[in-house]
Amino acid sequence: MRPRSPLLLALKLSVVLGSLWTLFLLSGPTIDFNPTYILRYRWLEYTGDDGSPESVCNCTAIQQGDEETLEQTKLLTITKDFRKSIQIPDEYYINATQDCRNFKLSRKYLTFPLSQEEEDFPLAYSIVVHQKVQNFERLLRAIYAPQNIYCIHVDNKSEGSVISAIEAITSCFPNVFLVSKRVTVVYAAWPRVQADLNCMADLYNASTKWKYFINLCGQDFPLKTNLEIVRALRYLRGGNSMESERMPENKKYRFTNSFEVVNGNLETGKQKTPPPFNLPIMSGGAYIVVNRGYIRSVLEDHRILTLIEWSKDTYSPDEFLWATIQRVPGVPGSNWLNAKYDMSDVNAIARLVKWHWHEGSRGSLEAVYPKCEGNHVRAICVYGVGDLQWMLTQHHLFANKFDIYTDPVAIYCLEKYLRQKALADLH
Ligand SMILES: *[C@@H]1O[C@H](CO)[C@@H](O)[C@H](O)[C@H]1NC(C)=O
Ligand SMILES: *[C@@H]1O[C@H](CO)[C@@H](O)[C@H](O)[C@H]1NC(C)=O
Ligand SMILES: *[C@@H]1O[C@H](CO)[C@@H](O)[C@H](O)[C@H]1NC(C)=O
Ligand SMILES: *[C@@H]1O[C@H](CO)[C@@H](O)[C@H](O)[C@H]1NC(C)=O
């Protein structure tokens with residue numbers, strides 16, 4: 001299947017292009033909300049004239065941080081007509097995926113590994129979603145490769161149409177599946193971790209081939225191509241990459257007292273026993289990049305299983321559990337406990353996040369990154385087009401948060417950048 005030379009590849013592309021053209025001629029717009037622009041993408045390459053509502057924007061100028069273009073783009077994205085044009089109802093996905101072949105062609109999913117190097121290094125993804133199907137589908141498309149494997153956890157409390165639409169999308173791919181056990185996620189509570197754990201177990205059981213595990217949520221987007229991700233992971237030489245630092249005093253309440261979910265909220269309970277085996281609880285984030293052995297430890301190592309049980313009634317266990325496991329001796333790819341091995345979110349490659357209180361200008365002692373050019377949700381930056389130029393210079397594999405309804409052009413330009421880079425790296 002996989003082309004061995006550029007010539008063969010060109011041949012293969014022209015064959016596919018031909019059949020796409022036929023498909024395009026045969027399939028007119030059949031649904032009311034007229035999403036025909038989705039069918040107009042040229043095979044593989046996202047061109048500037050693909051007819052999508054965002055394509056009127058000059059991504060090259062946006063990536064270069066051109067002030068005038070950024071201003072024009074921001075004005076465009078707040079107009080009523082534009083905002084209306086970017087809405088895609090859940091029903092669209094349910095319908096469009098009835099014909100999987102056409103769906104994958106028209107949405108330009110990759111149907112073969114782009115290189116031997118990527119084929120030899122399959123990845124496993126856990127994606128936790130609860131709304132905004134369009135965000136999810138564009139994320140999936142951006143990271144999709146046939147050699148990888150994807151477990152999707154849709155929140156049990158999601159609307160029925162969201163669950164149906166995501167189920168319909170996953171049904172088009174043999175290597176994308178819904179988690180076997182769905183939980184109801186409550187902000188800062190245990191089920192957020194359980195959602196990932198359920199996917200970890202499913203992924204571990206589904207295939208013995210994948211080398212690294214990456215967890216995502218519906219509002220993440222990649223900053224690197226699959227090839228770049230594979231190379232970054234190989235460069236870790238078996239190590240894991242995530243935030244794992246000393247626990248600040250003001251966060252220790254999170255696990256010194258118990259918490260329980262009451263009517264969808266977390267309430268404080270009685271004092272907890274110290275962590276099992278006197279494991280030092282580390283501070284970290286919900287998003288990790290870990291090797292297969294780390295996942296085996298999470299699923300099978302009795303010390304970790306005990307730690308997991310102990311963590312179930314704590315506050316925001318997602319922000320200490322992975323970071324703590326990363327320092328347990330014997331866990332594959334883990335680091336020693338000494339503070340010299342502490343790693344901040346900025347130094348890890350797992351996730352780029354802009355926290356409100358760390359924004360500022362370069363040269364200030366407090367500032368960690370330039371100010372957010374989008375807006376904030378729970379003190380986290382939802383990126384705008386103005387963040388792209390800086391973001392693409394960072395080493396992180398993924399960035400959080402993106403929102404199709406906050407700034408669709410930021411996502412559109414990233415999609416284009418990544419696909420062009422992936423195709424350029426073919427030569
Ligand atoms: C879904 O698409 C089919 C053709 O693929 C069409 O016959 C049908 O009317 C569409 N349904 C809706 C609700 O638009
Ligand atoms: C987009 O911006 C780039 C860089 O500023 C410029 O060279 C190019 O001509 C622009 N393209 C269009 C179609 O305006
Ligand atoms: C999922 O939601 C349904 C109601 O929609 C509820 O009955 C069920 O207990 C929930 N399951 C879990 C695991 O939360
Ligand atoms: C793994 O998958 C098989 C079926 O493919 C199933 O029978 C088995 O129970 C699963 N094991 C675990 C631990 O989930």
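Please read all numbers here as calculations on a predicted model, not as lab measurements. Just so it is clear, the values below take in all heavy atoms, side chains as well, and ignore hydrogens, waters and symmetry mates. Atoms within each ligand, like the ligands themselves, are counted from 1 in listed order.
By the 6.0 Å contact criterion, CD on E300 is enclosed, its count of non-hydrogen atoms from other residues, nucleotides or ligands being greater than 12.
Ligand 3 does not have K181 within reach: every non-hydrogen atom of the residue lies 4.0 Å or more from it.
S283 has its side chain within reach of K251: a pair of non-hydrogen atoms, C-beta onward, lies under 4.5 Å apart. Residues F402 and R138 form no side-chain contact, since every pair of their non-hydrogen atoms from C-beta on lies 4.5 Å or further apart.
Just one of W210, F213, Y144 meets the ring pair (Phe, Tyr, Trp, His ring centres under 6.0 Å) condition when paired with Y150; it is Y144.
For N156 against I163, the heavy-atom pair with the smallest separation is O-CD1, 4.5 Å. The two atoms that bring M242 and Y287 nearest to each other are CB-O, 4.2 Å, heavy atoms only.
Close approach of ligand 3 to N156 is summarised as follows: ligand atoms under 4.0 Å from at least one heavy atom of the residue are 1 (C), 2 (O), 3 (C), 8 (C), 10 (C), 11 (N), 12 (C), 14 (O).
Polar contact check, R182 against ligand 3: no nitrogen or oxygen pair lies under 3.5 Å apart.
Under the salt bridge (charged side-chain N to carboxylate O under 4.0 Å, His left out) criterion, R292 pairs with no residue at all, not counting sequence neighbours.
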Identify all pairs of nitrogen or oxygen atoms, one from ligand 2 and one from the protein, separated by less than 3.5 Å, and list them with distances.
from     : atom 1 : to  : atom 2 : distance (Å)
ligand 2 : 2 (O)  : N58 : OD1    : 3.2
ligand 2 : 2 (O)  : N58 : ND2    : 2.4
ligand 2 : 11 (N) : N58 : ND2    : 2.9
ligand 2 : 14 (O) : N58 : ND2    : 3.4

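Here the side chain of N291 pairs no donor or acceptor atom with the backbone of Y212 at under 3.5 angstrom.
With a 4.0 Å cut-off on non-hydrogen atoms, K157 does not touch ligand 3 at all.
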